[in-house]
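Lettering follows sequence order; numbering is per chain, from 1. These values consider heavy atoms only, across backbone and side chains, with no hydrogens, waters or symmetry-generated copies.
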Amino acid sequence: MQQDYKPGEIEKKWQERWSKSRIFEAEPSEDEKFFITIPYPYLNGNLHAGHTRTFTIGDVVARYRRMLGFNVLFPMGFHVTGTPIVGLAELIQNREPQTMEVYSRFHGIPLDVLETLDTPEKIVDYFKVESEFNMRSIGYSIDWRRKFTTTDPHYKKFIEWQFNLLYDKSLIVKGSHPVKWCPHDNNPVEDHDILHGESATIVDFTFLKFKYDDVVLPCATLRPETIFGVTNLWVNPDIEHVKIKVEKDGREEFWIVSKEAYRKLTFTDRKVDFVENVPSSSIIGIKVKNPLTGAEVITLPASFVKGGNGSGIVMSVPAHAPYDYLALRDLYDRDLSEFGIDEDLRRIEFISLIKAPEFGEYPAVEAVEKFGVTDQDDPRAEEATKVVYRREFHGGVLKENTGKYAGIAVSKIKDVLTQDLIEQGIGEVFYEFSEPVVCRCGTPCVVNMVRGQWFLNYSNPEWKEKVYRCIEKMDIIPEELRLEFNNKVDWLKDKACARRKGLGTNLPFDKKWLIESLGDSTIYMSYYIMAKFFADGITPEHLTPALFDHVLLGKVTAEDAAKDSGVPVETIKQMRSDFEYWYPVDLRSSGKDLIPNHLLFFLFHHVAIFEEDKWPLAIAINGFVSLEGKKMSKSKGPLLTLKDAVDNYGADISRLYILSSAEQTQDADWKNSGIEAARKQMDRLYGFAADIVSSGASSGMKGELKLIDRWILSRLQHRIQETNDALDSIQTRHALQNSFFLLYNDVKWYQRRGGSALLYDIMDTWVRLLSPFTPHLCEEIWETMGHGEGDFVSFAAYPVYDEGLVDMSAEFAEELVSNTLADIEEIARVTKMSPKKVILYTSPAWKTEAYKVALSMQRDGNLNVGALMKSLMAVPDMKRYGKEVPAFVKKLVPDITSMNTEKIEMLADFDLNEEAILKEASGFLAAEIGCPVEVYSADAPQYDPEKKSRFAVPLRPAIYLEK
RNA sequence: GCGAGGGUAGCCAAGCUAGGUCAAAGGCGCCAGACUUAAGAUCUGGUUGCGAAGGCAUUCGUGCGUUCGAAUCGCACCCCCCGCACCA
């Protein structure tokens, strides 16, 4: 080994050797397989620190499993379908300043090269080369023969096959769905196109169609069940209303709504025609009919009604809605003759329809009183509304007057009731933003119903049921996320799977559509297994449905598939047996952003297409990476690319840093100071290894082992065990904590205590233990330790816990030594002494005896001061110390009762000769403290000028510092 | 709003699911000492306060509570972050 650690040289050397020897190209064998996949990167930029984290975790698992003896398949591909790459090509074509800046500065693309990337194809070609190069440069153990791009003609055949299959299973259906829509651009608006209202969501209101002769006054509500409690409607006299003709599903109706509502309705899946303007006065003071209960209710004027919300007409439920109650109360003493209303509004009876534990008959009234709301324009009204709504939603149950719905929880009623209302033709769904949305072009957006859209029918209960079953059987790492996965399955609705724009595969049964890019990335892990065969003259034309049916489903015979596809039957059989060998996916490891989308779809499509024995076995999740506390952005910066990290620090240092900086779902923050520290640590490891190698050390396991040798072997076992356990649950931080930092501290203590015989053996274990994390340096050390060509540490046996090497007495002995040293140093520090001599007195026999008795009594669960005294006084020798025993016992008992059982068990089984241990260590202690150290037993101290020996207790020698 | 996760010493962070070994791992930073011509690296010690004997006092978002004993359990409250879709 060279004197200085030069990551670049070492890494290049080993990457070339790995590549040349093709050790990571996996083929089926007798060994147990392990198939690990990481979501392939989307190629609208270079790989960055976030990829670095996710992929490095995957590589560590792959390398770890390989060293445990598994036959590991770790493939990689490139995702390019969808719109962003097309958008990027346009931006580059237009020389959009921010894009040019970000891609040259952060993505590190030379400007002259960047300017040539003006088509999607060129972008894909550029980044797929870069990405593979980057992944090789950080040492990922990927089988590159299996790479592909999602626009490859072969891949498109695979996707067509998959979508035909889903279509045949009726899992792809046609329907409509609401999108945020800009009327000016005549296009859906994506989040980054929004000027205001980025956080707006689409909320589904229910229209309840109150009748006035032949005209409908629709009222929008989020709580359709309150239709049972309607006492009147609200109409704002100061806004404009219109009469319109509305056609939906072949039904024609006349509605009166606000002018704004009319505009919004034209974008829904209804045919809407303007009929005439309607003066507000003509619809106030009229009697309308509740479509469900048949009750006649009056329409009243209210200022709080906004034309832009819902239909512009509001139903009033004063028992449960504070605004309604307030508005009604505000009218009690007003003269409404201008609206032609002369009846006494106090006679309107409130209708209570929800029983909630916190409330009595009229929750709205109670809340208004509690919050002291004065009128409908009082801001506290909002608060009162929220409280009533929340309490009723979570704890409320429908009352008898709701007929067949009585007893149903409010939280469960909405979907059921809405469905019933729609069937009866008295309710409709109406989508609305939770807050106003304005397009970048300045136009207010609307919710538009896109018609004739293809959907993946994820809401299908049978489909979901299978996914639940799959999740139940899977390992979800970390386990806490299992709940999250189940919640998301529950939440998932039908997903539009076709688009007009972008790269991708055409929907095979409706060619004018492109398959949406998340849908084409669900079962591609199986494609890796086939992909390597395509190099041997298999063209896309060969990839017929029969071939996929045979290879992936085992449905058609190999012979028929061969005849149909024209591929030799032997090749097809080989593909099938490869698939049988490698599938299912043992682990899919991914960033947490993919949980509610890709990973969900990954599960849905697997359970829909494959038999149960091919369902995925585990998913692991990791958090994001920020940059000096700032969120990274591919398109806006800041961004740290994988390439920059490796160029500046090297592969192993970057790996060590990203793996150790955060655990699992925690987010990692990439800091300059942190990676600099990692560099020092690698330097130190390198220096340590170089010293051992250059000293010509060899294994010391055959010679006689000293206490400290047995100690380090024992400690090593704990570190090994912790590392293995951590890696099994993909906790790379914990794994490195043990295999790198804690182990390093142990080794320091070993050397400090004069240990040297086992340095080679320690290094031998250590280098294997660290190999998954920092493989290049480990190969380098491994080689210099005498392992010849072809003997890669990447395939050496991973260290596993060896109980036979655990030596608790050695560990206790060292603990005694280090505690004693710490105590001496503390005394010296507190007293500001530099002692000329240190004398240690180990516990007298009677105290040790008392200690043992106490431990055993505690173990039997009957330790107390009285009982211990009694049992000690029965021992003849103990009587000689009759005066000292009570004081000692009094201190001892609480000490021992407060120990946990584990410690009691351990201590009770040990019999340390403290005097011998400390005498053996006295040379070490003397050197550390800088003066002679003498050790006596407190039973018969030869020298004890200050009578310190009386303080000696088991595992805690008395200490005397002499000036 | 709904769902999920989290608040630990200067910073990052372990521990909390099985309460006592927890003044609380480890790393970083900082301070001091050793080594060195010096710096860096490395090693040693310190890093809540007090302390001329290994100790004591007070800490783990806030407030109650359970317990002989709580960072760890219960209740209430405050605060932070993430996801909520047709977009990869």
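Separating the C1' atom of rU48(B) from that of rG69(B) is a span of 23 Å, rounded to the nearest Å. Comparing the P positions of rA85(B) and rG19(B) gives a spacing of 42 Å, expressed to the nearest Å.
At rA41(B), one or more side-chain N or O atoms of Lys680(A) fall inside 4.0 Å of OP1 or OP2 (strictly under the cut-off). Between rA88(B) and Ser517(A), a contact under 4.0 Å exists linking OP1 or OP2 to a side-chain N or O. For Gln681(A) and rC28(B), the shortest distance from a side-chain N or O to OP1 or OP2 is below 4.0 Å. Contact between the side-chain N/O atoms of Lys748(A) and the OP1/OP2 oxygens of rU44(B) is found at a separation under 4.0 Å.
A salt bridge is absent between Arg719(A) and Glu722(A): the closest approach of a Lys/Arg side-chain nitrogen to an acidic carboxylate oxygen does not fall below 4.0 angstrom.
Put simply, the side chain of Asn457(A) never gets that close to the backbone of Ile172(A): no donor and acceptor are under 3.5 Å apart. Looking at Thr732(A), its side chain does come within 3.5 Å of a backbone N or O of Leu659(A) through a donor-acceptor pair.
Regarding Lys671(A), its NZ atom lies at a distance of 10 Å from the C1' atom of rG29(B), rounded to whole Å. The distance from atom CD of Gln751(A) to atom P of rC43(B) is 10 Å, rounded to the nearest whole Å. A straight line from CD of Glu825(A) to C1' of rC43(B) spans 13 Å, rounded to a whole angstrom. We find that NZ of Lys495(A) is positioned 11 Å from P of rA85(B), with the value rounded to whole Å. Going from atom CG of Asp490(A) over to atom C1' of rG3(B) covers 11 Å, rounded to whole Å.
Here the closest heavy-atom approach between residue Thr522(A) and residue Phe602(A) is recorded as O-CD1, 3.4 Å.
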